[in-house]
2 protein chains.
Amino acid sequence: MHYDTLKSILKAGGASLTQPRKIIFDLMLNQGPQSMQVLVRRAKDKVDRATVYRTIELFERLGIVRRLNIGWKYKIELTDAFSGHHHHMYCTNCGRVFDLPDNPMLETMIDTVAAKSGFSPRGHQLEVYGLCANCSKA
Amino acid sequence: MHYDTLKSILKAGGASLTQPRKIIFDLMLNQGPQSMQVLVRRAKDKVDRATVYRTIELFERLGIVRRLNIGWKYKIELTDAFSGHHHHMYCTNCGRVFDLPDNPMLETMIDTVAAKSGFSPRGHQLEVYGLCANCSKA
DNA sequence: GCTGAATTTGCAAATTTGTCGCAATTTAAT
DNA sequence: ATTAAATTGCGACAAATTTGCAAATTCAGC
């Protein structure tokens, strides 16, 4: 079922697929980028606060989630392996987050520019901020 | 002297150039991106923790510094006005931060892609992570 | 399916991070 | 120099994150 990929990543990392980890993974699947605060609140009654933190740390180390900077505090979301590669546009007026339209050429160019000085890029994060279509009108 | 630009920005914002603000500005000039934790520690004995936070908040509001997501926690650095527009490459092995080589075409393309869906971009942040030239060899 | 070793969890306490009110000090403009 | 306004430092807080440890869960091998 839908924990197969998760399970194999955990096993490869020497960790096991536990009840709390399933719950947190599901919370990540069903919601977009979310803050720790929100994730902890959503997991409340099922998973202890400390376990949420420990799990996210583990998930990040194994490349299951990543943290990104949207607005002031960081948020967590599933990595490309689960949600597809994408970037974000953050509306500084209404606070909503949108996906940046796909553009393979842009992706390539980012890695190319980075490689110019001998760096070996393994990934990147891009956040555009400004006004969304709606807020631009007002 | 070298506080001229800083002073005029502060004055334009209705704030004054004080001793603590000079100290913090200098700490930003001499170091690259740094975490609040480190900045607070470096300013210790000269500037109170609360003042560091208040100052960074002011500096951010006036566009003197910005915060960015490198590694785990956010970091602070001087804005483009002081350090020129640039992005970062973060080496996940040694933890060092490098500037991404300038590339005007990349900058343009980012805004263009964002504008595609009606978004009005006003800025962006890009972070590439991977291995630096040095760590690639090992 | 059961069993033991190893991992993981929940709980409570500690630490860290960021904020706030207010009296004392510093700044800037006369 | 003088003074009003802005700013600082100093607790004291509130919120976020981490840690130690005993109890519970997972998993591999029977």
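Treat the numbers as computed from the prediction; the structure is a model and nothing was measured. Residue numbers begin at 1 in each chain, while the letters A, B, ... track the order of the sequences.
- Residue B/Val47 is classed as a sugar-phosphate contact, given heavy-atom separations below 4.0 Å to backbone atoms only.
- Between the P atom of C/dT8 and the CG atom of A/Leu17 lies a distance of 11 Å, rounded to the nearest Å.
- Counting non-hydrogen atoms under 4.0 angstrom, A/Arg21 reaches the backbone sugars and phosphates but no base.
- The phosphate of D/dT8 has neither OP1 nor OP2 within less than 4.0 Å of any side-chain N or O from B/Lys46.
- Separating the CD1 atom of B/Ile76 from the P atom of C/dG18 is a distance of 9 Å, rounded to the nearest angstrom.
- Taking side-chain N and O atoms only, A/Lys11 has a distance below 4.0 Å to OP1 or OP2 of D/dA28.
- Between C/dT7 and A/Thr18, no contact under 4.0 Å exists linking OP1 or OP2 to a side-chain N or O.
- In this structure, CG of A/Leu58 is placed 14 Å from P of D/dT18, rounded to the nearest angstrom.
- Taking atom CG on A/Asp48 and atom P on C/dT8, their separation rounds to 16 Å, with Å as the unit.
- A/Phe119 is not listed as a side-chain neighbour of B/Leu131, based on a closest heavy-atom distance of 4.5 Å or more.
- Contact of A/Arg49 with C/dG10 (side chain to base): no donor-acceptor pair of N or O atoms is detected under 3.5 Å.
- The phosphate of C/dA6 (OP1 or OP2) has no side-chain N or O of A/Ser16 nearer than 4.0 angstrom.
- For D/dA16, the OP1/OP2 oxygens have a side-chain nitrogen or oxygen of A/Gln37 closer than 4.0 Å.
- Using a 3.5 Å distance cut-off with no hydrogens or angles, the side chains of A/Asp26 and A/His2 do pair a donor with an acceptor.
- Between the P atom of C/dT9 and the CD1 atom of A/Ile23 lies a distance of 10 Å, rounded to the nearest Å.
- For the residue pair A/Arg42/A/Gln34, the side-chain donor-acceptor check at 3.5 Å is satisfied.
- B/Lys7 comes within contact range of no nucleotide atom at all, as no heavy-atom separation falls under 4.0 Å.
- Annotation: side chain of A/Val40 is in contact with side chain of A/Tyr53 (closest heavy-atom distance under 4.5 Å).
- Checking C/dG10, C/dT17, D/dG9 against every side-chain atom of A/Thr51, the shortest atom distance belongs to C/dG10.
- With no hydrogens or angles considered, a side-chain donor-acceptor pair links B/His124 and B/Glu107 at under 3.5 Å.
- Nearest nucleotide to the side chain of A/Tyr74, out of D/dT17, D/dC10, C/dG10: D/dT17.
- Between the CD atom of A/Gln19 and the P atom of D/dC27 there is a distance of 10 Å, rounded to whole Å.
- At whole-Å resolution of the value, OH in B/Tyr53 and C1' in D/dG11 are 17 Å apart.
- Per the geometry, CZ belonging to B/Arg54 stands 8 Å off C1' belonging to D/dG9, to the nearest Å.
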